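Only one structure is covered here, and it is reproduced in the block below.
As the structure is a prediction and not an experimental result, all values here were calculated from the model.
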Amino acid sequence: MKGMARRRSPLRVSRHEESTMSNESDRNEGAADELGGKLKKGLGKLIGDEQMEAEGRAKEVRGKVQQEDAKADERAKGALEEAAGAIKNRVGKLVDNEQMAAEGKAKELKGENRQKANQ
């Protein structure tokens, strides 16, 4: 079977897709913890249970931190993607390879958008 192109299984997930999905699940989990914490804090306050209120406040803060951590990871990935794209773009222009330059510019813009989407 030499020379035949290896086909990628439609069920296989790339490292980038896996990382993005993981990051998205971290953000969702953080949002759920934040909401759960707000509810627990409010219930504790309503019934006069200071312990429950404090636990709710802590869970809410943990959720916010988890969301911000996931966003920071995405911004860092975006910055690396932008830099790699800029390099590929410049090299493409230097060697007079329009396709390479265009691919680099596309990657650069994708990185910029990834950063903006996670501010």
Contacts of type salt bridge (charged side-chain N to carboxylate O under 4.0 Å, His left out), residue Glu112, not counting sequence neighbours: none
Identified salt bridge (Lys or Arg N to Asp or Glu O under 4.0 Å) partner of Lys41 from the options Glu34, Glu55, Glu60, Glu50: Glu60
From [X] [atom1] over to [Y] [atom2], what is the distance, rounded to the nearest 0.5 angstrom?
| X | Y | atom1 | atom2 | answer |
| --- | --- | --- | --- | --- |
| Lys107 | Glu81 | NZ | CD | 6.0 Å |
| Asp26 | Glu68 | CG | CD | 13.0 Å |
| Arg62 | Asp69 | CZ | CG | 14.5 Å |
| Lys40 | Gln51 | NZ | CD | 8.5 Å |
| Leu109 | Asn113 | CG | CG | 6.5 Å |

Minimal non-hydrogen separation, Asp33 against Gly63, with atom names: CB-CA, 3.8 Å
Shortest non-hydrogen separation from Gln67 to Arg27 and the atoms involved: CG-O, 3.5 Å
Gln119 backbone acceptor or donor facing Lys71 side chain under 3.5 Å: yes
Gln115 side-chain N/O to Gly111 backbone N/O, donor-acceptor pair under 3.5 Å: yes
Please output the side-chain donor-acceptor pairs of residues 87-100 that fall under 3.5 Å, not counting sequence neighbours, one pair per line with the distance.
{"unit_1": "Lys88", "atom_1": "NZ", "unit_2": "Glu103", "atom_2": "OE1", "d": "3.0"}
{"unit_1": "Arg90", "atom_1": "NH1", "unit_2": "Ala86", "atom_2": "O", "d": "3.1"}
{"unit_1": "Asn97", "atom_1": "OD1", "unit_2": "Gln99", "atom_2": "N", "d": "3.2"}
{"unit_1": "Asn97", "atom_1": "OD1", "unit_2": "Met100", "atom_2": "N", "d": "2.9"}
{"unit_1": "Gln99", "atom_1": "NE2", "unit_2": "Glu103", "atom_2": "OE2", "d": "2.9"}

Flag side-chain contact, heavy atom, 4.5 Å: Asn118 against Lys77: no
